[in-house]
Structure formats: structure tokens, C-alpha cells
Amino acid sequence: MASFREFSRTESWGSEAWKALCKVRETTPLVQCITNFVSMDIMANSLLAAGASPAMVHAIEEILEFTSLSSALCINIGTLSPDWIFSMKAAAIRANECQKPWVLDPVGVGATRFRTEKCIELINLKPCVIRGNASEIMAVVGASIAPTKGVDSTRSSTDALEAAKELARAAQTVVAVSGAVDLVTDGKRVLGVSNGVALMQRITATGCAVTALIAAFVSVNPNRVLESTAIALALFGLAGELGAEKASGPASLRMHLIDALHMLDEASVMNRVRIAQL
Amino acid sequence: MASFREFSRTESWGSEAWKALCKVRETTPLVQCITNFVSMDIMANSLLAAGASPAMVHAIEEILEFTSLSSALCINIGTLSPDWIFSMKAAAIRANECQKPWVLDPVGVGATRFRTEKCIELINLKPCVIRGNASEIMAVVGASIAPTKGVDSTRSSTDALEAAKELARAAQTVVAVSGAVDLVTDGKRVLGVSNGVALMQRITATGCAVTALIAAFVSVNPNRVLESTAIALALFGLAGELGAEKASGPASLRMHLIDALHMLDEASVMNRVRIAQL
Amino acid sequence: MASFREFSRTESWGSEAWKALCKVRETTPLVQCITNFVSMDIMANSLLAAGASPAMVHAIEEILEFTSLSSALCINIGTLSPDWIFSMKAAAIRANECQKPWVLDPVGVGATRFRTEKCIELINLKPCVIRGNASEIMAVVGASIAPTKGVDSTRSSTDALEAAKELARAAQTVVAVSGAVDLVTDGKRVLGVSNGVALMQRITATGCAVTALIAAFVSVNPNRVLESTAIALALFGLAGELGAEKASGPASLRMHLIDALHMLDEASVMNRVRIAQL
């Protein structure tokens with residue numbers, strides 16, 4: 001594990017993060033989200049606050065055309081059902097055909113056989129990033145025997161690092177494990193992100209929202225998937241830290257986090273993004 | 001009706017409520033919610049703020065396994081459709097098999113024949129608690145000839161007390177009627193809860209959210225269904241009172257309510273929970 | 001285009017707006033919403049804050065009865081799918097049969113052939129108001145060759161004025177085009193509304209929410225469709241202006257906007273509603 005010092009300010013990460021945020025704001029990437037019902041409001045508002053343009057479109061009749069128009073695709077299996085899974089797969093295939101990045105949030109995978117099976121089928125369609133909590137990532141690789149409890153993590157992210165690397169190599173993708181320190185790996189390199197506050201876990205769908213941000217950030221720097229994933233996690237976490245300075249509970253944190261994401265300035269990003277190669 | 005004095009502080013109710021809240025926070029019961037689309041965000045955030053773990057899972061393919069994993073089940077018919085009703089019934093049956101408590105929120109029952117019919121079918125699957133407003137409870141028992149107007153109550157909760165008792169006896173369940181004073185009955189005993197502020201009615205889905213809290217609280221004290229229902233109503237109402245001290249309208253009340261629910265401390269609960277046997 | 005001075009206070013518009021708001025608050029019109037998943041929370045809360053009663057009901061089994069009970073109907077195609085479109089059409093037909101006003105929000109029309117086709121089919125069912133952004137209105141009339149980018153406007157509202165007039169005449173409806181200045185036309189007369197702040201565009205589904213408010217306001221003054229549409233836009237925009245005085249980003253603006261809508265008083269409405277005949 002990285003010591004705390006290793007997350008100290010490094011000009012290069014702050015600078016890359018700021019440039020990436022400016023690029024999102026300037027180009028307003030259109031992020032198609034096929035996501036769970038609980039997450040839609042915070043996901044759309046987080047994308048807007050970051051400068052991207054959200055579009056929740058799930059009808060199979062629209063996938064062929066709409067996914068082609070989109071800059072990136074975010075698939076989240078939280079409230080999955082067979083018809084939505086069908087659209088998710090069609091969209092993932094279309095995104096690949098159009099060389100648009102797509103990211104997967106395997107919410108609650110491991111809780112039921114159906115969910116696990118559908119998640120594996122989606123991973124076989126080659127997402128460029130998979131982001132989950134430690135339990136979810138471990139469930140995906142079968143590293144965990146115990147089923148996940150609901151949608152919250154019962155494992156630490158470091159426990160899941162080996163599983164994440166294994167998954168990244170097997171699926172040829174980037175895997176992000178959210179936790180006190182977020183871990184991002186392509187199977188070889190590992191980045192750690194230590195932005196964020198614990199109270200964010202008491203707001204529903206913050207994990208879902210940051211996965212959508214990852215889609216936006218990867219779309220503007222498609223050759224820097226590992227780095228863009230870490231940057232999206234860091235900026236969302238930083239917005240959480242800034243929001244926490246004003247918050248007095250999870251609901252006010254949610255509000256201040258989104259405000260802070262919208263207002264992020266160069267000084268905050270340069271000084272407070274905490275990413276380190278582990 | 002109880003006079004206002006009867007709701008004055010009683011050490012025993014405050015103490016039971018505080019112990020129940022601590023138990024929810026310590027055991028983080030997993031509450032499966034098959035609920036309307038409007039309510040999902042506030043329901044998930046209210047459960048998290050109370051210390052429980054929400055999971056919105058409705059696919060029939062997952063019910064058998066997921067309902068078994070859950071600590072409790074909350075069914076809400078707000079935006080019902082035939083496929084969701086099918087899953088609701090399967091989940092209710094599974095909850096009964098696994099001896100997990102399930103609660104029903106009969107949103108808008110009485111407005112259409114379909115809604116009323118499906119609601120009655122669900123009640124035949126033996127929920128341990130039914131929570132609605134006065135119009136809804138009266139519609140369920142056929143005590144009301146006039147159809148409900150939308151999803152807001154047009155009757156006072158005291159009008160519905162006799163209907164509630166009748167329903168509780170017929171369905172062998174606990175019935176809660178929300179209103180200026182919430183009434184909770186098992187057909188014999190009646191508890192009144194006078195926490196809450198009127199402005200909460202101008203926030204969508206607060207009733208739905210408190211029904212999910214009832215599921216969480218019953219799950220940690222399954223032998224005290226009547227009392228747990230009253231306690232969940234009282235704590236949510238108390239959070240509304242505390243939130244109202246800082247709010248300047250319904251949207252800020254919503255935020256401060258959830259913050260207050262998360263921050264509830266022993267002194268507030270002991271001194272301000274207002275439950276009385278009527 | 002109207003000069004800024006033309007939007008200065010005119011006693012008559014302020015007075016009509018205040019009377020309309022009082023009428024909504026007194027009669028609490030029941031607005032049935034068949035709308036996209038992203039918008040449901042803010043739409044329900046906006047209707048409640050304005051004094052109306054929201055009901056999200058989409059099951060085909062309920063349409064015949066429920067649309068008859070409702071005061072108005074709001075149809076929004078944001079997250080459309082074939083089964084929902086089927087219910088939308090049934091509800092539109094039923095609303096017409098019962099002489100209840102129905103309004104259409106053609107979210108993202110032009111983005112896919114399916115969406116455009118279904119939107120045109122809905123317009124053939126004679127909504128009394130269509131509200132969209134400039135790109136959407138231009139897509140509807142085929143005035144735009146470029147597909148819309150996501151759900152945000154890429155055209156100014158004035159560009160769309162001619163398209164709006166054409167659509168209003170062809171469909172015998174009122175068309176509202178949201179923008180820095182909202183334009184409302186019945187094909188002959190044109191009203192401009194200059195209330196609102198730019199930051200509202202960074203909150204998801206504010207456009208959807210104001211379309212539902214239009215339904216509420218038209219329902220209480222069914223012979224003043226053009227004026228009621230402008231008034232709903234003006235009052236929502238005014239709430240945004242008042243909210244912006246306290247906000248420090250899009251999420252706090254959302255909260256303060258809804259609070260302000262709930263608290264709107266005669267002085268603010270009389271002095272600050274900015275509607276002008278163009």
C-alpha cells in the first residue's frame with residue numbers, strides 16, 4: 001500500500017486532471033446511460049456538473065442510432081431486468097463497432113446467479129473500464145465465496161487488488177475498485193486515488209455517478225484510459241471533500257458535492273488531486 | 001382521540017426508540033424495495049440515513065435468491081404495472097417462506113379498479129404492516145365510496161381509525177394511517193404518533209420512504225411489529241421536525257430531514273419522540 | 001426580438017400570473033404524468049411546490065379510469081419505450097375524450113428515427129401545448145437537418161420561432177420554445193418570457209418539470225392556453241431567479257428554486273414576472 005505521503009500533491013497529476021476537466025467542459029461529451037432507476041437523478045446531475053451531457057436512453061429501437069451519436073456509454077446493472085439487459089448488450093456491441101468507450105458498473109454482482117451471469121456476459125462484450133466496490137470486483141472474478149450483501153461493500157479495496165489485477169488481465173480492461181483508497185489497474189500498473197470522504201457512502205448512487213463520469217473522462221482522452229479513470233475518481237472525490245466542508249449530513253453533502261463539482265477551479269484541482277502510482 | 005398532553009415525553013418510548021435506532025445502525029438490515037420510480041431516490045437515501053442498507057431489486061429472475069438474502073421487504077404500488085406486480089407477489093411469498101417481514105404501501109389504492117384489485121391480492125399475501133394515508137386505508141376496506149384523489153389524502157387519519165382496525169383484524173396485520181397524528185393499530189391496541197410537520201406532505205414520496213423505514217425497524221425487532229411501526233414513524237417525523245428548524249421550503253426540508261435522520265442522537269430521541277397508547 | 005425594456009413590469013401580466021397561481025393552489029389540480037425516469041422526482045416536487053397534485057401513472061390497465069380523474073396530463077418521451085408509448089397514446093386519446101388538457105414534452109426528438117416517429121404520432125393526437133428547446137422544436141417540423149445532440153439544445157430559441165409558428169398552425173396547438181427568452185406561440189400571437197437564469201440548464205429535467213407546470217396552469221384556465229403556458233414558464237423562471245440569489249451551484253439552485261416556487265408571494269409575482277407580447 002502507498003503511504004499517505006505518496007498521495008501528496010504532484011504537479012503532473014493535478015495538471016493532467018485540470019486539462020481533462022477543461023476538455024470535458026469544452027467538448028461536453030454526450031454520455032448515454034443505461035442505468036438503474038435509483039441513480040438516474042444524481043448521475044445526470046453529476047454529468048451536467050462536470051460539464052458533460054447526459055442522455056438516459058434504453059429502448060432497443062433507439063440503440064443502433066443513439067449509441068452511434070454518443071461520445072461514451074455507461075452501463076449499470078443496478079435494477080436490471082431481461083429487456084434492459086438486452087438493450088445493454090446491443091448498446092455495448094454498437095459502442096465497440098463505433099469505437100466509443102463503454103464502462104460497466106456491476107452493481108450488486110454476486111447477490112444472485114442471474115445478476116452474476118448477466119454481468120459476466122456484459123464483461124465478455126469488452127468494457128474499457130469496470131468500476132465496483134471490493135465485494136463486487138471479488139464476486140466477478142469468483143475470488144469471493146461469500147455473496148455480496150446488498151449493494152454496499154463488505155470488503156476493503158486492498159483485499160480486492162489481486163482480484164482486480166486478475167480481472168483486468170483476463171478481460172483486457174481497466175478495473176477500478178472504490179474504497180477508502182480507490183485502486184485503478186490495467187493488470188500491470190496500479191494507481192491509487194485517496195480523494196473523497198467516508199460520508200459519500202451514505203448517499204445512494206454516488207458510485208454509479210462516478211462511473212458515468214469515468215465514461216465522460218475516458219471519451220475525451222481515449223488513449224489514457226487508466227489515467228482518465230483515476231482522474232474522474234479523484235475529481236468526484238475532491239468535490240466530495242469540498243462539499244463536506246459545508247455539509248452537515250449526507251443530503252447536504254450530496255448537494256454541496258454537485259455544486260463543488262460544477263465550481264471546481266484550477267487551484268483546487270492542482271493542489272488537491274491525490275493520485276499516486278502504487 | 002388522545003389529548004396533546006398524552007403525547008408528552010415518556011421515558012419508555014424514547015428509550016425503546018433509541019434502542020431500535022441503535023440496532024438498525026449496528027446491524028444495517030438489508031431492505032429490498034420494489035417501489036415506485038418517484039420514490040426510489042428518497043427511499044434509498046432515507047434508509048441509508050437511518051443506518052439500513054437499501055436494495056431496489058425487482059426482476060422476477062432474482063426474487064427467489066434476493067428476497068432470501070434480505071432482512072425485510074418493502075412493496076409499494078405507486079407506479080405499478082403487471083410485470084412489477086408479478087415480482088411483488090413472488091417476493092411477498094418468498095419473504096413469508098423465509099419468515100422475513102414485508103410491508104405494503106398501497107399508494108393511490110381506490111383510484112382505479114386495477115390498482116384496488118392488485119392491492120387486495122397483495123394484502124391476501126399477508127404483509128405484516130400496511131401503511132397508507134386515510135383515503136387509501138378507507139379505500140382498501142371499502143369504507144370509502146368516493147375514489148381517492150391522486151396519491152394525497154383527502155381524509156383525516158382519525159376518520160380512518162375504524163377502517164384501520166377493521167382491516168388489521170381482517171388481514172391479521174398492523175395498519176398505520178399517516179396524518180397530523182399517525183395511528184397504528186393491530187386491531188386491538190392503537191398507538192398515536194404526533195411527530196412530524198405538515199410541510200413534509202409537500203415533498204414527494206415521504207410516505208413511501210417512511211414505509212421502507214418501517215420495514216427496517218420491524219426486521220430488527222420482529223416480535224414488536226406494532227411498536228416498531230410507531231417508532232419508525234416517530235423517528236422520521238422527528239427528523240422532519242429537526243429539519244424544519246433549518247428549512248425554508250419543501251426542498252430544503254427534504255435535505256435537512258435526511259441530514260437530521262442521519263444525525264439523530266440519544267437526547268433528541270429520548271426527549272422528542274411522541275408516541276402514546278390511545 | 002423584443003428589447004429588454006419590453007419585458008418590464010406590466011401590471012396585467014403580474015396580476016394574471018398571481019391569480020393563476022392562487023387558482024392552482026386553491027384547486028390543487030391532479031396532473032397525471034407519463035414521463036421519463038430521470039424527471040420524476042423534480043417533476044413531482046415542482047408540482048407540489050406550485051400547489052398541484054402529481055400522479056405518475058403509466059399502466060395501460062389504469063389509463064381509462066385514471067386519466068378521467070385527472071385535471072391534466074403531461075406526456076414526456078425522455079426515456080421512451082414501446083409499452084410506455086402505447087400508454088401515452090391511450091392517455092392522450094382519453095384526455096381528449098374527457099376534454100382534459102394534455103401537454104407534450106418531445107425530449108430529444110430528432111435523435112433517432114423511432115423517437116421522431118413516435119413524437120409525430122403523439123402530436124397527431126392533438127396536445128394543447130408542446131414545449132421543447134429550439135433543437136427539438138426544429139426537429140419536429142423538419143426544419144432542422146442536423147440531428148439534435150442529446151437532450152440539450154444546440155439552437156437558440158429565436159432561430160426556432162418560425163418553426164414554432166409553423167408547427168403551432170399545422171398542429172393547431174400552442175408551441176413553447178425554451179431558451180434565454182422563452183417563446184410561446186399559437187401560430188399567430190407570440191409571447192416572450194424572460195424570467196429564469198442560465199444555470200437552470202445545468203440541473204437535469206428542469207425543462208420536463210416546467211412542462212408539467214404548464215399542464216397544471218392550463219387546467220385551471222383552459223380558455224387561456226397561450227397565456228397560461230407563458231405564466232407557468234415565467235413563474236418557474238422567477239423561482240429560479242429567486243433561488244439563484246441563494247445558490248452556489250446547480251444542486252443548491254435546484255433546492256432553492258423549489259423552495260422559492262413554494263413560497264412565491266404576490267409582491268414577487270406582481271413585480272418580477274416578465275412576459276411581453278412580441
Side-chain angles (χ1 to χ4, degrees), chain B residues 35-45 56 76-85 107-119 135 146-154 198-209 246-256 258-259, chain C residues 25 27-71 79 83-84 86-87 239 242-243 246-247 251-264:
Chain B
T35 188
N36 72 74
F37 301 117
V38 192
S39 69
M40 288 188 184
D41 182 280
I42 193 173
M43 186 179 288
N45 280 314
M56 277 58 184
N76 176 305
I77 63 168
T79 54
L80 88 179
S81 60
D83 50 340
W84 283 60
I85 289 284
V107 178
V109 64
T112 68
R113 277 179 295 254
F114 180 73
R115 190 170 288 256
T116 303
E117 188 183 297
K118 295 305 160 194
C119 185
S135 298
T148 57
K149 186 183 176 192
V151 296
D152 302 317
S153 185
T154 55
L199 189 58
M200 290 166 71
Q201 294 172 44
R202 307 310 289 175
I203 311 168
T204 199
T206 45
C208 307
K246 296 183 181 174
S248 46
S252 52
L253 176 56
R254 176 188 165 147
M255 181 180 77
H256 291 302
I258 293 173
D259 277 2
Chain C
R25 288 174 176 174
T27 60
T28 61
L30 176 61
V31 181
Q32 181 185 359
C33 304
I34 309 184
T35 187
N36 72 74
F37 300 117
V38 193
S39 69
M40 288 188 183
D41 182 280
I42 194 173
M43 187 181 286
N45 280 314
S46 296
L47 284 167
L48 285 167
S53 179
M56 276 61 183
V57 172
H58 71 281
I60 187 68
E61 290 82 359
E62 299 199 283
I63 297 297
L64 206 68
E65 286 166 88
F66 200 85
T67 306
S68 317
L69 286 179
S70 301
S71 310
T79 54
D83 51 340
W84 283 60
F86 187 63
S87 290
L242 294 165
K246 297 184 182 176
S252 53
L253 176 57
R254 177 188 164 148
M255 180 180 78
H256 291 302
L257 184 162
I258 294 174
D259 276 2
L261 187 58
H262 176 78
M263 301 297 287
L264 277 180

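All heavy atoms count here, side chains included; hydrogens, waters and symmetry mates do not. Numbered from 1 within each chain, the chains take letters A, B, ... in sequence-line order.
When the candidates B:Thr79, B:Asn36, B:Asp41 are compared by the number of heavy-atom contacts under 4.5 Å with chain C, B:Thr79 comes out ahead. Among C:His58, C:Met43, C:His256, C:Met263, the residue with the largest count of heavy-atom pairs under 4.5 Å with chain B is C:His58.
The heavy-atom pair separating C:Ala49 from C:Ile258 by the smallest distance is CB-O, 3.6 Å. In plain terms, the two heavy atoms of C:Met40 and C:Thr35 that are nearest each other are CE-O, 3.4 Å. Of all heavy-atom pairs spanning B:Thr112 and C:Glu65, the tightest one is CA-OE1, 3.5 Å.
The contact between B:Arg113 and chain C is made by backbone and side chain atoms together, counting heavy-atom distances below 4.5 Å. If you measure heavy-atom distances from B:Leu199 to chain C, the contacts under 4.5 Å come from the side chain alone.
In this structure, OG in C:Ser68 is found 12.0 Å from CD in C:Glu62, a value given to the nearest 0.5 Å.
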